[in-house]
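The structure appears right after this line, and notes come after that.
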Amino acid sequence: MLDKNGIAKRIAKEVQDGFYVNLGIGIPTLVANYVRDDIEVEFQSENGVLGMGPFPFEGEEDADIINAGKQSITTLPGASFFDSALSFSMIRGKHVDLTILGAMEVAENGDIANWKIPGRMVKGMGGAMDLVASAENIIVAMMHTNKRGESKLLKACSLPLTGVGCVKRIVTNLAVLEVTDQGFKLLERAPGVSVETIKNATEGTLIIEGEIPEMDI
Amino acid sequence: MINKKVANVQDALKGVSDNMTFMFGGFGLSGIPENAIAQLVKLGVKGLTCISNNAGVDNFGLGLLLQKRQIKKMVSSYVGENDEFERQMLSGELDVELIPQGTLAERCRAAQAGFPAIYTPAGYGTEVAEGKETREFDGKMYVLEHAFKADFAFVKAWKGDAAGNLIFKGTARNFNPNMCGAAKITVAEVEEMVPLGELDPNQIHIPGIFVQRIFKGEVFEKRIEQRTVRPKIT
């Protein structure tokens, strides 16, 4: 079974040379730490920066340079700043190659819910609805089950949707899955996790074809 | 040169009154019009509708107006950092319209650019699109979203001049340029008011035509919401 850093490490393998990538808050943010350093990748943050670098050294943080998680950051040579409308032009206009975000629920048809629990938690969708409505390449990073042990990979989402039929790939602490017309197709198992465990943790239709390899991370 | 410069925040906010709709630039606490917010708290105007990506934190930014119950309705994309906000929202004291961040930006830009509405794919098939007109273009569904109508836009820039020209800094730019000229009156507060002619016309982000009033802010606290650092390697 993977921890959050393990999930990030596995997703980092999906990041290709020349990609512009938008990372959501939480596990997705960690992906930046594991991207191979022999490829060129630029990270976009929807609050208006392309070419994000690591966190600043203590004493060098700047209130005018933050990411979408409101964390102080730095920029790399070649970086640029822009306004929010232009930022979402990059996103809706499909100029960003890969979007990695977290989710509360994903359905077997690719629906995603990650912004609201009616009556309990309403933080808002931020840029997630714009991202999932347009991105061609969306990877969801999340735990396979919630805190109560219930599956987050469902036949249909129970929470208010963020987007419909948009998720292509999911990386959890247990598995890598692909969303297909028939349901969740199991591609890889996390180290030491059996197909049976994944089956039991998946409420939606799970397609298992042949031997399922263990992740190489 | 058409002079947009006013002496202080008091003059800059002349004409604000109860039940108006205001736009506020800023993302989190970065690039927020701190001086205008402080003055609105002083003036005590109530029943406000505020269009702003976030709602500040409990004791800063728009959180200050929330504490004084001056806000009737918030139009935002993300409001996760404010306990008082959550309390007022869940108790029904505060009306909240949550909309996708890109839609928020584009509804500002539409107002600035003279478009009555725009089509966006964001939110299609979700509760955000409920009751809204939808339309198919090239096999994909889009939602019709209307331009905002606001009385004042309060924005914050790094540098400006008496002509109202503005330059923003870093990610403090965010929604600020999109809100300039998107309301009946745009009020810009700047960290530095530079002499006319000092700003390179090639480098100006927002031309003064979009700004009605500009003043040098007295205080900019510029808080960092999530201070994250890495240790220095020695």
Side-chain angles (χ1 to χ4, degrees), chain A residues 25 45-49 52 54-75 81-92 111-113 115-116 118-134 160-166, chain B residues 27-31 53-54 76-81 86 89-90 96 98-106 108-109 112 120-128 140-143 158 168-178 205-206 220-233:
Chain A
I25 296 163
S45 195
E46 62 266 26
N47 60 316
V49 54
M52 259 193 297
F55 294 137
F57 290 120
E58 203 166 343
E60 292 176 7
E61 57 275 31
D62 181 344
D64 291 331
I65 305 179
I66 62 166
N67 64 15
K70 287 99 177 177
Q71 295 171 307
S72 47
I73 54 153
T74 59
T75 54
F81 296 116
F82 35 85
D83 64 66
S84 300
L86 196 61
S87 180
F88 283 92
S89 298
M90 294 175 191
I91 291 165
R92 280 190 316 264
D111 289 358
I112 177 172
W115 71 284
K116 183 180 183 181
R120 255 192 35 229
M121 190 284 296
V122 187
K123 288 183 188 300
M125 65 293 283
M129 283 194 183
D130 306 273
L131 284 158
V132 301
S134 298
L161 296 180
T162 307
V164 291
C166 51
Chain B
F27 188 100
L29 300 178
S30 187
N53 189 54
N54 313 93
S76 303
S77 88
Y78 191 84
V79 293
E81 292 92 0
E86 200 166 10
M89 176 171 61
L90 292 174
V96 179
L98 288 168
I99 60 174
Q101 197 175 130
T103 300
L104 180 64
E106 215 55 36
C108 293
R109 215 193 70 81
Q112 175 193 60
T120 177
Y124 177 75
T126 75
E127 64 179 51
V128 163
K140 190 176 163 91
M141 293 304 293
Y142 295 81
V143 184
W158 178 31
F168 304 90
K169 190 168 169 237
T171 53
R173 190 180 323 186
N174 55 64
F175 290 85
N176 285 298
N178 306 133
H205 293 138
I206 284 291
F220 286 100
E221 203 178 311
K222 295 178 67 166
R223 284 197 203 173
I224 300 177
E225 214 167 313
Q226 304 286 341
R227 190 177 295 273
T228 44
V229 295
R230 61 190 156 134
K232 263 199 175 121
I233 304 145

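Being a predicted model, the structure only gives us computed values, none of them experimental. Here is how names work: the chains are called A, B, and so on, in the same order as the sequence lines, proteins then strands, and each is numbered from 1.
Panel note: side chain Asp130(A), backbone Gln101(B); a donor-acceptor pair is recorded below 3.5 Å. The backbone N or O of Gly48(A) sits nowhere less than 3.5 Å from a side-chain atom of Thr171(B) that would complete a donor-acceptor pair. Checking side-chain atoms of Asn178(B) against main-chain N and O of Ala85(A) turns up a donor-acceptor pair under 3.5 Å. Counting only distance, with no hydrogens or angles, the side chain of Ser72(A) and the backbone of Arg227(B) share no donor-acceptor pair below 3.5 Å.
Ranked by heavy-atom pairs under 4.5 Å with chain B, the first of Gly163(A), Ala128(A), Gly165(A), Gly127(A) is Gly127(A). When Ala105(B), Ser30(B), Pro100(B) are compared by the number of non-hydrogen pairs under 4.5 Å with chain A, Pro100(B) comes out ahead. Contacts with chain A were tallied for Ser76(B), Cys108(B), Pro121(B); Pro121(B) has the most, counting heavy-atom pairs under 4.5 Å. Annotation: maximal heavy-atom pairing with chain A below 4.5 Å, among Val229(B), Thr126(B), Thr228(B), occurs at Thr228(B). Comparing Gly170(B), Ala122(B), Gly31(B), Pro231(B) by heavy-atom pairs within less than 4.5 Å of chain A, the highest count is held by Gly170(B). Note on Ile99(B), Asn176(B), Leu29(B): by heavy-atom pairs under 4.5 Å with chain A, the leading option is Ile99(B). Among Pro54(A), Ser134(A), Ser45(A), the residue with the largest count of heavy-atom pairs under 4.5 Å with chain B is Pro54(A). Of the listed residues Glu61(A), Glu60(A), Arg120(A), the one with more heavy-atom pairs under 4.5 angstrom with chain B than any other is Glu61(A).
Proximity to chain B (any heavy atom under 4.5 Å) is restricted, for Phe88(A), to the side chain, taken from C-beta onward. In this structure, no portion of Met141(B) lies under 4.5 Å from any heavy atom of chain A. Residue contact with chain A, scored on non-hydrogen atoms closer than 4.5 Å, is absent for Asn53(B). Proximity to chain B involves both the backbone and the side chain of Ala68(A), based on heavy atoms less than 4.5 angstrom apart. Contacts between Val96(B) and chain A at a heavy-atom distance below 4.5 Å are absent for every atom of the residue. With a 4.5 angstrom heavy-atom cutoff, Pro177(B) touches chain A only via side-chain atoms. With a 4.5 Å cut-off on non-hydrogen atoms, Arg109(B) touches chain A through its side chain but not through its backbone. Residue Thr162(A) touches chain B through its backbone alone, counting heavy-atom pairs closer than 4.5 Å. With a 4.5 angstrom heavy-atom cutoff, Glu106(B) touches chain A only via side-chain atoms.
The shortest non-hydrogen separation linking Pro160(A) to Glu127(B) is CB-OE1, 3.6 Å. Summarising the geometry of Arg173(B) relative to Phe81(A), their closest heavy-atom pair is NH2-O, 3.3 Å, with the distance given to 0.1 Å. Between Asn67(A) and Phe27(B), the shortest heavy-atom contact is O-CE2, 4.1 Å.
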Exercise. Could you walk me through whether Lys169(B) and Asp62(A) pass side-chain contact (heavy atoms from CB on, under 4.5 Å), step by step?
Key: CA-CA 11 Å; Lys169(B) 190 168 169 237; Asp62(A) 181 344; 3.9 Å; yes
Quiz prompt | Residues Tyr78(B), Met125(A); criterion side-chain contact (heavy atoms from CB on, under 4.5 Å); working and verdict | solution = CA-CA 6 Å; Tyr78(B) 191 84; Met125(A) 65 293 283; over 6 Å; no
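Contact annotation: the side chain of Phe168(B) never approaches that of Asp83(A) to less than 4.5 Å [non-hydrogen atoms, C-beta and beyond]. Using a 4.5 Å heavy-atom threshold, the side chains of Tyr124(B) and Met129(A) count as separate.
With sequence neighbours left out, the ring-ring contact (aromatic ring centres under 6.0 Å, His included) criterion links Phe82(A) to no other residue. Partners of Glu46(A) under the side-chain hydrogen bond (donor to acceptor under 3.5 Å, both in side chains) rule, at least two apart in sequence or in another chain, are Asn22(A).
Considering CD of Gln226(B) and CZ of Phe55(A), their distance stands at 9.5 Å, rounded to 0.5 Å.
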